[in-house]
Chemist: 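There's a structure below that I have some questions on.
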Amino acid sequence: MVIRESGMPEMERWESFFDPHAILLAFGLSSEDKTIIDFGCGYGTFSIVAAEISLGDVYAFDNDDYFLAESRKRATEKGLEKVHCIQRDFVKEGVGMQSGSADFVMLFNILHAENPINILLEAYRVLAPKGRAAVIHWNYDPLTPRGPSMDIRPKPEQCQIWMQDAGFELIAPKLDFPPYHYGWLGQKAE
Ligand SMILES: C[S@@+](CC[C@H](N)C(=O)[O-])C[C@H]1O[C@@H](n2cnc3c(N)ncnc32)[C@H](O)[C@@H]1O
């Protein structure tokens, strides 16, 4: 099941919309985070940078052959064998990893899905106690140069409620990633 309207332009343009390194550091990703999961890795924009920050492994999931191939190519070019690019529909099947096995999950530009709570519940399941889930999404503003159409684009408060409904405690106020994105950071209970 493909998430509605992924709206991905070519890679260079996509990656001009944000600074992945600054975003991941703002979320507190560190070398201590050993198992990281990227739900819908796209071009590997965040998976690759996460692997450079962390000493551990990154599991990058996508159901689209093209995006997986791009992510794999970039990881190989950088010698990052610890980026594991896995084809999987996480809406239908989950990520297939053991419960409680991850330190940090990334849910970036995907919560316009038809059932965001199910994705967040899968993220919650797979995180270890005190593991963190980072969400970013496009500002709720029709003037952003890309992003899902406004009828399916979630408002920041909506993402906040979904995260709390999935069980996360929000451990930071809403983050702003100008010019076009905002973020939330949630934590699984101990
Ligand atoms: C808008 S892109 C965001 C990519 C990346 N998270 C980023 O922010 O750079 C959404 C990605 O999720 C993937 N995707 C959509 N539905 C999916 C599903 N059900 N299972 C796995 N991947 C999915 C798409 O193929 C696409 O690469």
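What you see is a predicted model; the values in this text were computed from it and never measured. As the structure lists them, so they are numbered: ligands from 1, and atoms in each ligand from 1. What you see below is based on every heavy atom in this structure, not just the backbone, and it leaves out hydrogens, waters and symmetry mates.
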Chemist: What's the spacing between W14 CH2 and M8 CE if we round to 0.5 Å?
Modeler: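 The CH2 atom of W14 sits 5.0 Å away from the CE atom of M8.
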Chemist: What distance separates L80 CG from R74 CZ, expressed to the nearest 0.5 Å?
Modeler: 11.0 Å
Chemist: With rounding to the nearest 0.5 angstrom, report the CG to CD distance, D65 to Q87.
Modeler: 4.5 Å
Chemist: Which one of D62, L68, D65, N109 has a non-hydrogen atom at the shortest distance from atom 13 (C) of ligand 1?
Modeler: D62
Chemist: Would you check the N or O atoms of I110, main chain and side chain alike, for any that come under 3.5 Å of an N or O of ligand 1?
Modeler: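 There is no such contact.
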Chemist: Using modelled atom types and a 3.5 Å cut-off, is there a donor and acceptor pairing between side-chain atoms of K188 and backbone atoms of L127?
Modeler: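 Judged by distance alone, yes, a pair lies under 3.5 Å.
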Chemist: Please confirm whether D64 comes within less than 3.5 Å of ligand 1 when only nitrogen or oxygen atoms on both sides are compared.
Modeler: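 No; the residue has no nitrogen or oxygen that sits under 3.5 Å from a nitrogen or oxygen of the ligand.
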Chemist: Please say whether F90 places an N or O atom under 3.5 Å from an N or O atom belonging to ligand 1.
Modeler: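 So ligand 1 has an N or O lying under 3.5 Å from an N or O of F90.
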Chemist: Give the atom numbers and elements of ligand 1 that come within less than 4.0 Å of a heavy atom of F108.
Modeler: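 Numbered from 1, ligand 1 contributes 3 (C), 5 (C), 6 (N), 8 (O).
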Chemist: So which of P148, A60, G40 gets nearest to atom 6 (N) of ligand 1, if we judge by its closest heavy atom?
Modeler: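 Answer by nearest heavy atom: G40.
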Chemist: For ligand 1, indicate whether the residue K92 contacts it via side chain, backbone, both or neither (heavy-atom separation under 4.0 Å).
Modeler: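 Near ligand 1, K92 shows nothing, with every heavy atom at 4.0 Å or more.
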Chemist: Which distance, rounded to the nearest 0.5 Å, do you find between the CG of L143 and the CE of M150?
Modeler: 9.0 Å
Chemist: Minimum heavy-atom separation for L170 and G186, please, with both atom names.
Modeler: CD2-CA, 4.1 Å
Chemist: If you measure from each non-hydrogen atom of F67 to ligand 1, which part falls under 4.0 Å: side chain, backbone, both or neither?
Modeler: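 Side chain only.
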Chemist: At less than 4.0 angstrom from any non-hydrogen atom of V91, what atoms of ligand 1 do you find?
Modeler: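 Answer for ligand 1: 19 (N).
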Chemist: Is it the case that ligand 1 has an N or O less than 3.5 angstrom from some N or O of F18?
Modeler: no
Chemist: Below 3.5 angstrom, do we get any N/O pair linking H112 and ligand 1?
Modeler: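 No; every N/O pair is 3.5 Å or more apart.
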Chemist: If you measure every N/O of D38 against every N/O of ligand 1, is any gap under 3.5 Å?
Modeler: no
Chemist: Relative to each other, are the rings of H181 and F18 parallel, tilted or perpendicular (30° and 60° limits)?
Modeler: perpendicular
Chemist: Residue-level breakdown please: for Y43 versus ligand 1, do any non-hydrogen atoms fall below 4.0 Å on the side chain, on the backbone, on both, or on neither?
Modeler: neither
Chemist: Okay, side chain of S71, backbone of G42: is any donor-acceptor separation there less than 3.5 Å?
Modeler: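 Indeed, once roles are kept as given, a pair shorter than 3.5 Å links the two residues.
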Chemist: Kindly assign one of parallel, tilted or perpendicular to the pair F39 and F61, based on the angle between their ring planes and the thresholds 30° and 60°.
Modeler: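 Geometry flag for F61 against F39: tilted rings.
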Chemist: Is the backbone N or O of Y66 less than 3.5 Å from a side-chain atom of D64, with the two atoms forming a donor-acceptor pair by type?
Modeler: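 At least one qualifying donor-acceptor pair exists.
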Chemist: Mark up the atoms of ligand 1 that fall under 4.0 Å of a heavy atom belonging to T45, in ascending order.
Modeler: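 Answer, ordered by atom number: 9 (O).
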Chemist: Below 30° counts as parallel, above 60° as perpendicular, anything between as tilted: where do the rings of Y59 and H84 land?
Modeler: parallel
Chemist: Which is it for C41 and ligand 1 at heavy atoms under 4.0 Å: side chain, backbone, both or neither?
Modeler: backbone
Chemist: At a 4.0 Å threshold, what atoms of ligand 1 neighbour a non-hydrogen atom of G42?
Modeler: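 Counting atoms of ligand 1 from 1, those under 4.0 Å from G42 are 4 (C), 27 (O).
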Chemist: For ligand 1, indicate whether the residue N63 contacts it via side chain, backbone, both or neither (heavy-atom separation under 4.0 Å).
Modeler: both
Chemist: Show the atoms of ligand 1 that are less than 4.0 angstrom away from any heavy atom in F46.
Modeler: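 Within the 4.0 Å cut-off of F46, ligand 1 contributes 7 (C), 8 (O), 9 (O).
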Chemist: If you count the atoms of ligand 1 from 1 in the order shown, which ones are under 4.0 Å from a heavy atom of R88?
Modeler: 20 (N), 21 (C)
Chemist: Output yes when D33 and R132 qualify as a salt bridge under the 4.0 Å nitrogen-oxygen rule, no when they do not.
Modeler: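 Between R132 and D33 there is a salt bridge, with a charged N closer than 4.0 Å to a carboxylate O.
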